**Student:** 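Handing you this structure, nothing more for now.
The structure presented is a predicted model; accordingly, all values stated were derived computationally and were not measured.
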Amino acid sequence: MLGRQLDMLDGFVRAEDGAVTVDWIVLTAAIIGLCLLVTIPAYTSSSGVAQALAARLVEIVTSLSDQ
C-alpha cells in the first residue's frame, strides 16, 4: 500500500504537464508588467501636455468669440 502511494507521488513529482501552463502564466505576467512600465510614464507625461493643449484651445475659442 505504501509502495503504491510512493509510486503515485513519484509520478506526480515527475509529471511535466503543468509546466507549460506555468510558463504561459509567467510570460503573460511579464508582458503585462512591461506594458505597465511603458504605459504609466507615457500616460502621466501626456496629461500635462493635454492640459496645456486644453488651456490653449480655450484661449483660442475665447479670443475668436470676442471678435
**Student:** Under 4.5 Å side-chain heavy-atom separation, chaining through any Ile, Leu, Val, Met, Phe, Trp or Tyr, what else clusters with Val61? Say none if it is isolated.
**Tutor:**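 Answer for Val61: none, a lone residue.
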**Student:** Under the side chain to side chain contact (heavy atoms under 4.5 Å, CB included) rule, collect the residues that match up with Gln5, sequence neighbours excluded.
**Tutor:**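 Scan of Gln5 (side chain to side chain contact (heavy atoms under 4.5 Å, CB included), adjacent residues dropped) gives Met1, Leu2.
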**Student:** Arg4: what forms a side chain to side chain donor-acceptor pair (under 3.5 Å) with it, not counting sequence neighbours?
**Tutor:**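 Per chain and number, Arg4 pairs via side chain to side chain donor-acceptor pair (under 3.5 Å) with no residue.
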**Student:** Got a sec, which residues hit side chain to side chain donor-acceptor pair (under 3.5 Å) with Asp7, two or more places apart in sequence or on another chain?
**Tutor:**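 In terms of side chain to side chain donor-acceptor pair (under 3.5 Å), with neighbours along the sequence ignored, Asp7 is linked to no residue.
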**Student:** Would you tabulate the side-chain donor-acceptor contacts of residues 26-42 under 3.5 Å, counting partners in other chains and residues two or more places apart, or write 'none'?
**Tutor:**
{"residue": "Thr28", "atom": "OG1", "partner": "Trp24", "partner atom": "O", "Å": "2.7"}
{"residue": "Thr39", "atom": "OG1", "partner": "Cys35", "partner atom": "O", "Å": "2.7"}

**Student:** Name all residues meeting the salt bridge (Lys or Arg N to Asp or Glu O under 4.0 Å) criterion together with Asp23; count only those two or more places apart in sequence or in a different chain, and write none if there are none.
**Tutor:**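 Once residues adjacent in sequence are excluded, Asp23 has no partner under the salt bridge (Lys or Arg N to Asp or Glu O under 4.0 Å) criterion.
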**Student:** Please identify each residue that fulfils side chain to side chain contact (heavy atoms under 4.5 Å, CB included) with Ile60, with sequence neighbours left out.
**Tutor:**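 With sequence neighbours excluded, Ile60 shows a side chain to side chain contact (heavy atoms under 4.5 Å, CB included) to Arg56, Leu64, given in chain and number order.
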**Student:** Taking the hydrophobic residues Ile, Leu, Val, Met, Phe, Trp and Tyr, and joining any pair whose side-chain heavy atoms are under 4.5 Å apart, which ones share a cluster with Leu57?
**Tutor:**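 Answer for Leu57: Leu53.
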